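Taking it in order: structure first as structure tokens, then the write-up.
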Amino acid sequence: MSKKKGTKTRNIYHRKDSTGKQNNRRVTCKFCGTKHYESKYHYCVYKPSVLDLYCCAGGAALGYYQAGFNVTGIDIQQRNNYFADFIRADAIEYLKQHGHEYDFVHASPPCQKYSRSTGQWRAQGRTYVDLVDDTRDALREVGRPYVIENVPQAPLRKDLELRGEMFGLKVIRKRIFEFGGLVFPTAPPPFKAISVMRGEAVIVYGNASFKSTGHGNYGEPGRRQIIPEWRKDTVRETWAYAMGMPNYITDRELSESIPPAYTRFIGENVLPLLHRR
């Protein structure tokens, strides 16, 4: 009996992905021999583990899983769309208690304190939590290899900067990464810049809508809404397609996520370093 559209399930392809395909083909894990659905999260005892702090809906986790990691997500809010193992907890407290149990730690502290998209609200006096320094201190205390991800304006060491064009995505979404306990060995992929103004990319933040872009302040002449010709049925599905994520993720979750292609690139290059430890 098939699942109805929208049914909550950890099989991320019971609901159609961004290409409209459903794939429930059974495969055999080459490491442990377990048979499982190709599209369903499979925990393998022989794979290294990654702890995904501030996990949201699992954009980062999906990339690490594709790279060959077991994934555990931690978030203070319940995340019903998280496809892998999820624990609702305070990220820093859980890290201090259990971080040593994992081979690698990925942390994406809230970015609203530094993001350009929240600049107008900060100018009006709204304050946002800043967990970057506290997260870094806790990671150093635990002593496991780690990476911290955030927007380019955040106070991180820019060991790596990634953007959507490097992976053929239709979103720019610049992000920087600071590594600890290892030196990331690979330069970022080359890219050719794409433009929102030309309809080649979309801006993903806030609620699902095509954002006004161009010169001038919000609400003033000079800014216009760009709707790309490759858009999907809804703005949310357009965002998911642009970021290479499953299209059942909500608009708010998409706006807080990074494309899985980023963490797949990181995971594939970190794996050999973990095996040497």
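As the structure is a computational prediction, the values presented were derived from the model and not from experiment. Quick note: residue numbers are just sequence positions, from 1.
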**Item:** T238 side chain vs R231 backbone, donor-acceptor pair below 3.5 Å
**Value:** no
Using distance only, find each side-chain donor-acceptor pair of residues 175-185 under 3.5 Å and give its atom names and separation, not counting sequence neighbours.
from : atom 1 : to   : atom 2 : distance (Å)
R175 : NE     : E149 : OE2    : 3.3
E178 : OE1    : R136 : NH2    : 3.1
E178 : OE1    : R157 : N      : 2.8
E178 : OE2    : R136 : NE     : 2.9

**Message:** What I'd like to find out is whether the side chain of I74 reaches to under 4.5 Å of the side chain of F86, using heavy atoms alone.
**Reply:** no
**Message:** Once side chain to side chain donor-acceptor pair (under 3.5 Å) is applied, do any residues pair with E101, and if so which ones, sequence neighbours excluded?
**Reply:** H98
**Asked** Between the side chains of D75 and Y82, is a donor N or O closer than 3.5 angstrom to an acceptor N or O?
**Response** no
**Side-chain heavy atoms of Y146 within contact of R140, under 4.5 Å** = yes
**Prompt:** Do the non-hydrogen side-chain atoms of P145 and L273 ever get within less than 4.5 Å of each other?
**Reply:** no
**Request:** For D233, enumerate each residue passing the side chain to side chain donor-acceptor pair (under 3.5 Å) test, keeping only those at least two apart in sequence or located in another chain.
**Result:** none
**Item:** T250: partners by side chain to side chain donor-acceptor pair (under 3.5 Å), with sequence neighbours left out
**Value:** E253
**Prompt:** Heavy atoms, side chains only, cut-off 4.5 Å: are T234 and W239 in contact?
**Reply:** no
**Message:** Under a plain distance cut-off of 3.5 Å, with no hydrogens placed, do Y43 and T34 share a side-chain donor-acceptor pair?
**Reply:** no
**Asked** For F210, does its backbone N or O pair with a side-chain atom of Q225 as donor and acceptor, under 3.5 Å?
**Response** yes
**Message:** With side chain to side chain donor-acceptor pair (under 3.5 Å) as the criterion, how do D85 and T72 come out once you've worked through the C-alpha distance, each side chain's angles and the decisive distance to 0.1 Å?
**Reply:** CA-CA 5 Å; D85 293 332; T72 301; 4.6 Å; no
**Asked** Can you check whether Y205's main-chain N or O pairs, donor with acceptor, with R252's side chain at less than 3.5 Å?
**Response** no
**Message:** Under a 3.5 Å distance rule, please check whether S195 uses its side chain to pair with a backbone N or O of M197 as donor and acceptor.
**Reply:** yes
**Prompt:** Can you check whether R79 reaches C56 side chain to side chain, under 4.5 Å on heavy atoms?
**Reply:** yes
**Message:** Can you list everything that forms a ring-ring contact (aromatic ring centres under 6.0 Å, His included) with H100? Sequence neighbours excluded, please.
**Reply:** none
**Item:** For Y64, all residues meeting side chain to side chain donor-acceptor pair (under 3.5 Å), sequence neighbours excluded
**Value:** H106
**Message:** Is it the case that the side chain of Y65 and the backbone of H42 share a donor-acceptor pair, with hydrogens and angles ignored and the cut-off at 3.5 Å?
**Reply:** yes
**Asked** Mind checking whether M245 and S257 have side chains closer than 4.5 Å, heavy atoms only?
**Response** yes
**Message:** In the structure I gave you, are the side-chain heavy atoms of V27 and Y37 within less than 4.5 Å of one another anywhere?
**Reply:** no
**Asked** How about I148 and L139: do any of their side-chain heavy atoms sit closer than 4.5 Å?
**Response** yes
**Check: S49/N70 side-chain N/O donor and acceptor closer than 3.5 Å** = no
